[in-house]
Novice: 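Below: one structure in structure tokens.
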Amino acid sequence: MTSPQNWLNDLNPQQRQAVTAGTGQILVLAGPGSGKTRVLTQRIAYLVGGPGVRPYNILAVTFTNKAAREMETRLRHLLDEASADLWLGTFHAICARILRREADFLPFKSNFVIMDADDQQALVKRSLKELKLDEKLYRPPSIHAAISTAKNHLVDAPEMTVRSYRDEVVRRVYEQYQKLLRNNNAVDFDDLLMVAVRLFEENPAVREKYARRFEHVLVDEFQDTNLAQYKLLQQLSSYHNNIFVVGDEDQSIYRWRGADYMNVLRFEEEHREAQKILLEQNYRSTQTVLDAARAVIDRNPNRTHKRLFSDRGRGERIVLFEAADDHAESAYVVDTISKLINKGNAKGADFAVMYRTNAQSRLLEEAFLRAGLPYRLVGAQRFYGRREVKDLIAFLRLVQNPADEISLQRVINVPPRGIGDKTLVALQLKARQVGTSPGAIVLDLGLRADESSFWNTFTGRGAAVLADFGAMLNGWGKNLDETPLPALFDRILTELGYQAYIQDGTEEGEDRWGNVQELRRLAYEYKERGLVVFLENLALVSDQDTLPEKPDAPTLLTLHAAKGLEFGRVFIVGLDEGLLPHSRSFDDVEEMAEERRLFYVGVTRAKDHLYLVRAERRSTYGQFEVNEASRFLEDLPDELVQHEGAVRPWKAGKTSGESWYGQKQQPRLERWQSNLRQGAGAGKAESSANMVQPRYRPAMRVRHAKWGEGMVVGSKVVDGEEEVDVMFSGVGLKRLLASLAVLEILNG
DNA sequence: AAGGCCCTTCTTTTT
DNA sequence: GAAGGGCCTT
């Protein structure tokens with residue numbers, strides 16, 4: 001172990017103060033690049049090496065697997081094998097661990113599975129179906145979001161406040177959704193946190209067991225905690241009251257997931273005697289980058305002002321490039337990168353390209369491919385989202401937990417074995433009737449074939465095919481504890497004939513088989529730890545954690561994924577109103593403040609050189625739209641910015657309060673809307689005199705030959721064609737092309 | 001039962 | 001511009 005004294009000397013006074021702070025509550029507000037992770041890990045090393053705290057009595061919580069891994073690596077250097085006893089992990093992983101240990105107190109078994117985002121969606125759909133609610137009216141993503149929000153706020157279905165019929169629907173779906181989860185011996189992401197908090201609330205003895213153990217609790221990215229997480233930390237530190245939290249309000253970007261940076265203020269409020277330490281020295285960026293970042297973030301309220309400084313000097317000015325359209329935007333990025341690489345001024349790994357939405361990566365990828373330049377894409381390509389990967393995970397999940405209906409439904413007919421809708425419905429119905437899971441019926445059929453009491457439930461070949469499937473499943477589940485995971489994996493592949501099914505001679509088939517092998521490699525890494533741990537990690541590891549191994553290539557990633565990283569040269573693309581800030585944030589000041597923080601996070605990733613890029617026009621779903629420059633660009637001090645290839649002289653002749661086109665600025669929202677209006681008709685319609693005028697107006701009554709009478713609810717011209725939305729009584733909403741449909745206008 | 005075609009919808013961000 | 005769902009055909 002390195003002697004503490006040695007590395008303490010390498011810390012600045014504030015860092016040292018944080019690392020060596022005494023017991024009690026400590027709040028470290030750490031600006032970007034201020035050595036936050038270093039402080040956190042060295043604090044742990046200090047606690048062990050100085051006051052002699054046993055690693056066993058320390059809990060360190062992070063938000064992402066990436067952060068947990070990084071801390072783990074650093075700690076291994078500082079503490080060697082002593083670090084093994086330490087509890088270090090993401091909130092979700094730590095909760096899963098607690099719930100498995102304490103399953104006796106809980107309404108599910110310790111081999112529960114964790115439902116991922118897709119599963120959760122499927123469960124919501126199923127709940128809606130069982131309650132006979134219309135998916136069109138109650139969009140599953142939106143219902144799920146409401147349920148998730150409730151859980152993040154520790155609100156159960158019965159405790160929900162119901163102010164509208166919709167609230168009532170959400171409450172009922174929530175109830176059904178929970179029932180399904182429990183029937184499936186499953187939890188979702190949000191349950192992991194909420195159930196843990198409830199467990200501790202209802203069983204003080206259990207809480208105390210953990211609280212006594214954890215003499216010191218340390219938390220990373222504290223600004224991103226939601227209520228459940230805040231509460232959990234309170235509970236876990238309730239015995240020794242030593243809690244050390246590190247965070248930065250300015251980098252809180254997960255509001256939509258329930259995160260509340262006000263927890264930082266709340267922490268101060270609840271712990272008046274807490275020590276507060278500010279880390280303001282930045283070791284990452286040039287002063288130019290920091291000044292720009294500050295100009296952007298200082299416009300947000302409710303924050304501790306920090307004065308970030310760097311001794312790296314002013315550095316290069318920020319480049320602002322305005323492209324004519326989104327293709328030109330991507331081309332500019334790739335051209336600039338390849339020029340710098342070819343000149344020998346930089347290497348691929350120095351670069352990152354950041355964007356607001358995953359959809360923006362497509363054009364960039366195409367541009368990189370065209371230029372023959374390798375790149376690394378974080379997330380989005382979704383290894384774990386691939387069909388073959390999900391299939392095999394579903395089989396493994398079924399082996400662990402035959403009650404998992406979502407997985408059963410997914411693979412019961414994979415590869416096709418003649419089980420269709422009819423058989424499936426009969427199976428589910430029977431399961432409900434006898435109060436068991438469909439999986440249990442399949443297993444019973446597999447075990448006893450025509451001796452099974454379920455044999456006669458199914459017509460035709462149904463029972464036999466299900467029995468075959470059940471027999472396979474039985475075989476896989478036998479002697480599970482003695483079967484090494486890779487062996488189980490191979491057995492499943494063989495008995496399914498999965499390779500032949502996947503490798504169909506096409507290139508895509510090869511690709512898919514490659515993914516299967518990749519998953520097998522991963523399973524091999526878990527051969528010591530076993531199936532349960534493997535599946536848990538699959539559920540809790542995101543695509544964001546899978547960075548393709550392509551050394552020395554530029555990285556493409558969302559601004560969210562960029563948090564915690566740094567790059568020599570950073571491109572932020574899509575700096576347009578509507579994209580960054582995203583249009584969804586226009587009518588909510590808190591959302592808008594978060595967009596600003598997101599931009600701030602992006603800016604502060606840059607060590608040496610920042611490129612801000614936007615496009616006058618871009619195609620957001622198929623159609624071109626004209627966008628205005630992001631409002632955030634206007635906050636950048638002119639002297640920090642150098643314009644390149646502008647479409648028009650940006651901010652030219654700008655005097656205060658006026659924009660570059662020399663008019664008094666309209667309020668933002670109006671500008672956005674008028675943009676939309678102009679954008680929609682721009683191009684063919686605006687320039688030509690014979691612009692198509694809608695014939696139908698809302699509230700008109702019309703008659704259709706097939707659907708009878710209805711009322712026009714909307715009409716718009718798309719590509720010179722009028723599209724009319726008509727609500728027909730008894731039929732519902734229909735969209736018709738005015739030029740084709742025979743619509744009789746009954747009144748105008 | 002399965003596969004193909006057309007239509008719709010959508011996009012924020014993720015443990 | 002993609003992906004999923006519904007509806008059609010075989």
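The analysis underlying the following values was restricted to heavy atoms, covering all of them including side chains, and did not include hydrogens, waters or symmetry mates. Residue numbers start from 1 in every chain, and the chains themselves are labelled A, B, ... in the order their sequence lines are given, proteins ahead of strands.
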Novice: Nearest heavy atom decides the nucleotide; on that basis, is A:Lys422 or A:Phe91 closer to the 5' end of DNA chain B?
Specialist: A:Lys422

Novice: If I take atom CD in residue A:Glu594 and atom C1' in nucleotide B:dT14, what distance separates them, rounded to the nearest angstrom?
Specialist: 12 Å

Novice: Rounded to whole angstrom units, what separation is found between the CZ atom of A:Phe63 and the P atom of B:dT15?
Specialist: 11 Å

Novice: Any carboxylate oxygen within less than 4.0 angstrom of a Lys/Arg side-chain nitrogen, looking at A:Glu249 and A:Arg597?
Specialist: no

Novice: Can you tell which of B:dT15, B:dT11, B:dT13 lies closest to the side chain of A:His560?
Specialist: B:dT13

Novice: Given atom CE of A:Met115 and atom P of B:dT14, what is their separation to the nearest angstrom?
Specialist: 22 Å

Novice: Using a 4.0 Å heavy-atom cut-off across all strands, classify A:Arg362 as base, sugar-phosphate, or nothing.
Specialist: sugar-phosphate

Novice: Heavy atoms only, 4.0 Å cut-off, all strands: where does A:Glu135 land among base, sugar-phosphate and nothing?
Specialist: nothing

Novice: When the distance from OH of A:Tyr138 to C1' of B:dT9 is rounded to whole Å, what number comes out?
Specialist: 19 Å

Novice: Please tell me whether A:Gln360 and A:Thr357 have a donor and an acceptor in their side chains that are separated by less than 3.5 angstrom.
Specialist: yes

Novice: What's A:Lys563 touching, base or sugar-phosphate or nothing? Going by heavy atoms closer than 4.0 Å.
Specialist: nothing

Novice: Check this one for me: any side-chain N or O of A:Thr423 less than 4.0 Å away from OP1 or OP2 of B:dA1?
Specialist: yes

Novice: Between A:Arg461 and A:Lys136, which has a closest nucleotide on DNA chain B that is more 5'?
Specialist: A:Arg461

Novice: Report yes if at least one side-chain N or O of A:Arg139 is closer than 4.0 Å to OP1 or OP2 of B:dC10; otherwise report no.
Specialist: yes

Novice: Is the side chain of A:Arg596 donor-acceptor paired with the backbone N or O of A:Met592 at a distance under 3.5 Å, no angle test?
Specialist: no

Novice: Please say whether more than 12 non-hydrogen atoms of neighbouring residues, nucleotides or ligands are located less than 6.0 Å from CZ in A:Arg461.
Specialist: no

Novice: Using a cut-off of less than 4.0 Å, is there contact between a side-chain N or O of A:Lys125 and OP1 or OP2 of C:dG5?
Specialist: yes

Novice: Taking CD1 from A:Ile253 and P from B:dT14, how many angstroms apart are they, rounded to a whole number?
Specialist: 9 Å

Novice: Is there a donor-acceptor contact under 3.5 Å from the side chain of A:Gln223 to the main chain of A:Asp248?
Specialist: yes

Novice: Regarding A:Asp421, tell me which of base, sugar-phosphate or nothing describes its non-hydrogen contacts under 4.0 Å with the strands shown.
Specialist: sugar-phosphate

Novice: Can you measure A:Leu559 atom CG to B:dT11 atom P for me and round it to whole angstrom units?
Specialist: 19 Å

Novice: Between A:Tyr174 and A:Tyr177, is the gap from one ring center to the other below 6.0 Å?
Specialist: no

Novice: For A:Asn413 and B:dA2, is the shortest distance between a side-chain N/O and OP1 or OP2 below 4.0 Å?
Specialist: yes

Novice: For A:Asp134 and C:dG5, what is the distance between atoms CG and C1' respectively, to the nearest whole Å?
Specialist: 13 Å

Novice: Is the shortest side-chain N/O distance from A:Asn358 to OP1 or OP2 of B:dT13 below 4.0 Å?
Specialist: yes

Novice: A:His582 side chain: which of B:dT14, B:dT11, B:dA1 is closest?
Specialist: B:dT11

Novice: Roughly how many Å is it from CE in A:Met354 to C1' in B:dT13, rounded to a whole number?
Specialist: 15 Å

Novice: Would you say B:dT14 has OP1 or OP2 under 4.0 Å from some side-chain N or O of A:Thr558?
Specialist: yes

Novice: Is the aromatic ring of A:Trp256 within stacking range of B:dT13, meaning centres under 5.5 angstrom and planes under 30 degrees?
Specialist: yes

Novice: NA contact type, A:Asp190, heavy-atom cut-off 4.0 Å: base, sugar-phosphate, or nothing?
Specialist: nothing

